[in-house]
Amino acid sequence: MEITELTVHELQEKIKNKELTIKEINEAYIKRIKEKEPDVQAFITELTEQGLEQAQKIQNKIDNGEKLGELAGIPIGIKDMICTKGIKTTAASKMLENFVAPYDATVMEKINAEEMINLGKLNMDEFAMGGSTEYSYFKKTRNPWDLSRVPGGSSGGSAAAVAANMVPWALGTDTGGSIRQPASFCGIVGLKPTYGLVSRYGVIAFASSLDQVGVFTKDVQDCAMLLNVIAGHDEKDTTSVDIGKKDYTKSLQKNIEGLKIGVPKEFYGDGINPEVKESLNNAILQYKEMGAQVEEFSLDIAQYALATYYIIACAEASSNLGRYDGIRYTYRSKEAKSLKEIYKKSRSEAFGAEVKRRIILGTYVLSSGYYDAYYKRAQQVRTLVMNQFNEAFEKYDIIITPTSPTVAFKIGEKSSNPMEMYLSDICTVSINIAGLPGISIPCGVDKEGMPIGMQLVSKRFGEETIIKAAYAYEQKTKFREKYKPTFKK
Ligand code: GLN
């Protein structure tokens, strides 16, 4: 097996047994980036040279007998939504094309404290608004399973980089599905933690009550390991919650006898592709065979989740993006002749169409005449969504749904129709609205060999249950051993 095909826990084994050095590992990844990046286009900023220097330093420390952490020298990729000190952070927008953050996000500090090596900042939809990574100002990322298709989004660069073995794992952000949907499109594992488990400090804000940082990995064990690194209370983020330190790798257990699984029938309706449904049904049968108790139930409030999400997310985005005024650290129009023109022309020239659409929609739903009819009602529905999920979790440990109604679609297929693009999140947005944790793991492929993802959801701070259920299924079905991206053109 190639070095770059290994998971992080497999790399660690080989480092321990002296079969591989940190230097060899990083060289292998950098070589892989040089080979595959021209096809995949996952990076906004490559950090391969710095990465190699860092690897050499860590190698020297090891050779000098210094005791380092277990993740020292392991490469990682970072979504370009997360601030990195001294390195460009663009949110894939012309607005922040030359922005260099003066500080690290808290999650980045944690990655650095482990001495992991950041090999690059990864592509995404502009300000994380989108579901295909086609709305990046810089480039369109391609799906490693079929280069004519999207990798999903908004964290498409992160998902594609991991699937293409250009990094062993990566960080992303998820506001309405931006980790889970691309993970499902690229046949890897993607976890969005409970709102408040991971600090948002230094993460560019899209919709602050929904945003959460999470992980992309090749398997569930790596997912638990990386979650261990990034989870934890942060004084700098007032929405971060202190639940004490947990070791999520303790949940990597194969026995799920008696696990109670709820299957919400609304998530298996007409809009879901038949092959996706079939694959999910097989996965549910598998869980039954493994000793889980499965029951169908109704989560009918979910039908309002998409509308609610787009009202709340746009309202918050219109406020959050107000800071990009052309005055401070952002793009400034050269044409502008007055203060008003600086605002107007800079924003007109530097925001893409989707971002503008959301700002306009958000401003509208917050305007005095329409606030009650849209924003306030959306908040009320949000409470109902939370209540229905809470009721469900009195009965079930886990809820299983498809991650997305379809497999990865073709580049250009949905980019001109916002509504079509929004529908790609129909299964994921309600989880953010309720602040719950959700994972996507691969559960099969369609006739054309494109991966299908299954979403497992648990109650707030139920990450351990999710990891256990996902791990047991993965160990039984071994997707990674059966299927691999083909880079088909
Ligand atoms: N695709 C959804 C949107 O466009 C979700 C994005 C996200 O999770 N960042 O809003």
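All ligand and atom numbering here is 1-based and tracks the order in the structure.
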Trp145 vs Phe479 aromatic rings, parallel, tilted or perpendicular, using cut-offs 30° and 60°?
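Answer is tilted, since the angle falls between 30° and 60°.
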Please state whether [X] comes within less than 4.0 angstrom of ligand 1, counting heavy atoms only.
X: Tyr422; answer: no
X: Arg358; answer: yes
X: Ala313; answer: no

Excluding sequence neighbours, so at least two apart, what forms salt bridge (charged side-chain N to carboxylate O under 4.0 Å, His left out) with Lys121?
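Counting only residues at least two positions away or on another chain, Lys121 forms a salt bridge (charged side-chain N to carboxylate O under 4.0 Å, His left out) with Asp80.
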N or O contact, [X] vs ligand 1, cut-off under 3.5 Å:
X: Gly177; result: yes
X: Ser178; result: yes
X: Gly176; result: yes
X: Met129; result: no
X: Tyr309; result: yes

In ligand 1, which numbered atoms sit nearer than 4.0 Å to a non-hydrogen atom of [X]?
X: Asp174; value: 8 (O)
X: Ala128; value: 6 (C), 7 (C), 9 (N)
X: Phe206; value: 9 (N), 10 (O)
X: Ser154; value: 9 (N)
X: Gly130; value: 1 (N), 2 (C), 3 (C), 4 (O), 6 (C)

Going by ring pair (Phe, Tyr, Trp, His ring centres under 6.0 Å), name the residues that satisfy it together with Tyr422, two or more places apart in sequence or in a different chain.
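Partners of Tyr422 under the ring pair (Phe, Tyr, Trp, His ring centres under 6.0 Å) test: Tyr310.
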Name of the residue among Ser184, Ser424, Ser440 meeting side-chain hydrogen bond (donor to acceptor under 3.5 Å, both in side chains) with Thr403:
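Testing Thr403 for a side-chain hydrogen bond (donor to acceptor under 3.5 Å, both in side chains) against Ser184, Ser424, Ser440 leaves exactly one candidate, Ser440.
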Before we go on, tell me: are the rings of [X] and [Y] under 6.0 Å apart, centre to centre?
X: Tyr329; Y: Phe99; answer: yes
X: Tyr309; Y: Tyr304; answer: no
X: Tyr248; Y: Tyr471; answer: no

CZ on Phe216 to CG on Leu122, rounded to 0.5 Å
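Here the interatomic distance stands at 9.5 Å.
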Point-to-point distance, once rounded to the nearest 0.5 Å, from CG of Asn417 to CG of Leu423:
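The distance works out to 8.5 Å.
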Heavy atoms only, cut-off 4.0 Å: how does Asp425 contact ligand 1, side chain, backbone, both, or neither?
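It is the side chain that touches ligand 1; the backbone stays farther off.
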